[in-house]
2 protein chains.
Amino acid sequence: MYICLMYSKELLKGTLKTIILKMLSESDSMYGYQITQKVKEITEGKINLTEGALYPALHKLEADGLLTTEKKTVGNRVRKYYSLTQTGNGRAKEKVEELKEFMETLKVIVNLTPQNLAWSN
Amino acid sequence: MYICLMYSKELLKGTLKTIILKMLSESDSMYGYQITQKVKEITEGKINLTEGALYPALHKLEADGLLTTEKKTVGNRVRKYYSLTQTGNGRAKEKVEELKEFMETLKVIVNLTPQNLAWSN
DNA sequence: AAATATACATAACTTTCTTATGTATTTGTT
DNA sequence: AACAAATACATAAGAAAGTTATGTATATTT
């Protein structure tokens, strides 16, 4: 069964890394699967990060020096915990700020009325 | 010279069609170049739609029956005016609503604190 | 015992944009 | 008058960033 409470997934494009960085900036460390579950939880199922996007993104962020990893064995299974580097912490703030500003700009468009569209030619 | 006041363009991905539909829903009709200029104007230069993205998107929306076109000759030059069909008008409202909801959900993430992240395990 | 959830990973493919290029007219500048 | 910049459209090659599918393996629930 495939229930999709999500938005048109196109919208999510471009926000994934920012979401990852923000999640990690509010936590000491998280592992991949945990990030997907936390995001699903706090967005009430509206954002479901797919593994095919998440893991490559985490690897990229690590390769870029924004994340470090530490493997922890729980039972018989290995979890890979990610945490922000100092650089990653700075980048997280930048990316979140950028996203906030972008949302403000989008607001201008979605709240557009014929009046404020027409005030100039 | 290439001044870029824009956000990381990734964020814009997935929002183009919604922006086009919203612009047209607040106007009788607009032509392509006019849309780019209006969007640039109302966002104070923060969103610059590129022609390489805009025109194919307009063609796609027309092919999908959401837009109709009317050519008007101004001087010696032909402008292609786009307007929403009835279907397009409905779709515009859906897409804008979807974008608004998505922005609300993103707000939950960007305003996240360790407290509301930690309330459940 | 079987199905579902947890946990990671990667490869093929698609979508959607960027960048570059092309054509042509109009307007502003020197 | 000549040239640059702006207006106005179009499309093609390539990049970026996802989705979908698949694989592996353990743990938990039914």
Side-chain angles (χ1 to χ4, degrees), chain A residues 1-4 6-21 29-41 45 47-64 67 69-82 95 99 102 121, chain B residues 1-4 6-20 29-41 45 47-64 67 69-82 95 102 121:
Chain A
M1 192 162 68
Y2 206 92
I3 295 178
C4 187
M6 266 203 52
Y7 310 108
S8 154
K9 292 193 175 181
E10 309 167 354
L11 290 177
L12 208 54
K13 284 210 180 193
T15 62
L16 176 58
K17 280 177 193 166
T18 306
I19 290 173
I20 292 173
L21 291 172
S29 71
M30 297 181 83
Y31 56 97
Y33 187 76
Q34 187 185 18
I35 294 175
T36 66
Q37 299 308 300
K38 267 293 172 191
V39 168
K40 190 195 285 185
E41 179 191 318
I47 295 183
N48 285 290
L49 306 183
T50 60
E51 294 173 297
L54 179 75
Y55 291 114
L58 286 170
H59 300 163
K60 180 68 163 50
L61 291 170
E62 187 185 5
D64 289 349
L67 305 182
T69 59
E70 191 187 350
K71 287 185 181 173
K72 286 183 194 171
T73 303
V74 179
N76 236 335
R77 210 151 42 181
V78 176
R79 283 180 187 162
K80 210 165 151 186
Y81 281 82
Y82 289 87
K95 293 286 265 178
L99 181 53
F102 181 64
N121 191 23
Chain B
M1 193 161 65
Y2 206 92
I3 296 179
C4 187
M6 268 202 52
Y7 310 110
S8 152
K9 293 193 174 179
E10 311 166 354
L11 290 176
L12 209 55
K13 283 215 179 191
T15 61
L16 176 59
K17 280 177 192 165
T18 306
I19 289 174
I20 293 173
S29 71
M30 297 181 83
Y31 56 98
Y33 187 75
Q34 188 183 18
I35 294 176
T36 66
Q37 298 308 301
K38 267 292 172 190
V39 169
K40 191 194 286 187
E41 178 189 318
I47 294 181
N48 286 289
L49 306 182
T50 60
E51 295 174 296
L54 178 76
Y55 292 114
L58 285 170
H59 301 162
K60 180 66 164 51
L61 290 169
E62 186 184 7
D64 289 349
L67 305 182
T69 60
E70 191 187 350
K71 286 186 180 172
K72 285 183 192 170
T73 302
V74 180
N76 236 336
R77 211 149 43 180
V78 179
R79 284 181 187 162
K80 212 165 152 186
Y81 280 83
Y82 289 87
K95 292 286 264 179
F102 181 63
N121 191 22

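Treat the numbers as computed from the prediction; the structure is a model and nothing was measured. Below, chains carry the letters A, B, ... as their sequence lines are ordered, and counting in each starts from 1.
- Listed nucleotides: D:dT11, D:dG18, C:dA9. Nearest to the side chain of B:Tyr55: D:dT11.
- In terms of phosphate contacts, B:Tyr31 brings a side-chain nitrogen or oxygen within less than 4.0 Å of OP1 or OP2 of D:dA8.
- B:Gly32 comes within 4.0 angstrom of the backbone, heavy atoms only, and of no base.
- In this structure, the CD atom of A:Glu62 is 13 Å from the C1' atom of C:dC8, given to the nearest Å.
- For the pair A:His59 and C:dC8, the criterion of a side-chain N or O lying under 4.0 Å from OP1 or OP2 is not met.
- As a whole-Å value, the separation of A:Leu58 CG from C:dA7 P is 14 Å.
- Considering only the side chain of A:Glu51, C:dA7 comes nearest among C:dA7, D:dA8, D:dA16.
- A donor-acceptor contact closer than 3.5 angstrom links the side chains of B:Glu62 and B:Thr69.
- The side chain of B:Arg77 sits closest to C:dT25 out of C:dT25, D:dA27, C:dA9.
- Between B:Lys80 and D:dA10, a side-chain N or O to OP1/OP2 separation shorter than 4.0 Å is present.
- Dashed line: the shortest gap from a side-chain N or O of A:Arg79 to OP1 or OP2 of C:dA7 is under 4.0 Å.
- Toward the 5' end of DNA chain D, the nearer of the two residues A:Gly75 and B:Tyr82, judged by each one's closest nucleotide, is B:Tyr82.
- Distance B:Leu16 CG to D:dG18 C1': 17 Å, rounded to the nearest Å.
- Comparing C:dT25, D:dA17, D:dA8 by their closest approach to the side chain of B:Asn76 singles out C:dT25.
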One pair to check against side-chain contact (heavy atoms from CB on, under 4.5 Å): A:Lys40 and A:Lys38. What are the steps and the verdict?
CA-CA 5 Å; A:Lys40 190 195 285 185; A:Lys38 267 293 172 191; over 6 Å; no
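- Considering only the side chain of A:Thr50, D:dT19 comes nearest among D:dT19, D:dC9, D:dA25.
- Around atom NZ of B:Lys80, more than 12 heavy atoms belonging to other residues, nucleotides or ligands sit under 6.0 Å away.
- Heavy-atom minimum distance, A:Glu51 versus A:Pro56: O-CD, 3.7 Å.
- For the atom pair CD (A:Gln37) and CG (A:Asn48), the distance works out to 8.5 Å, reported to the nearest 0.5 Å.
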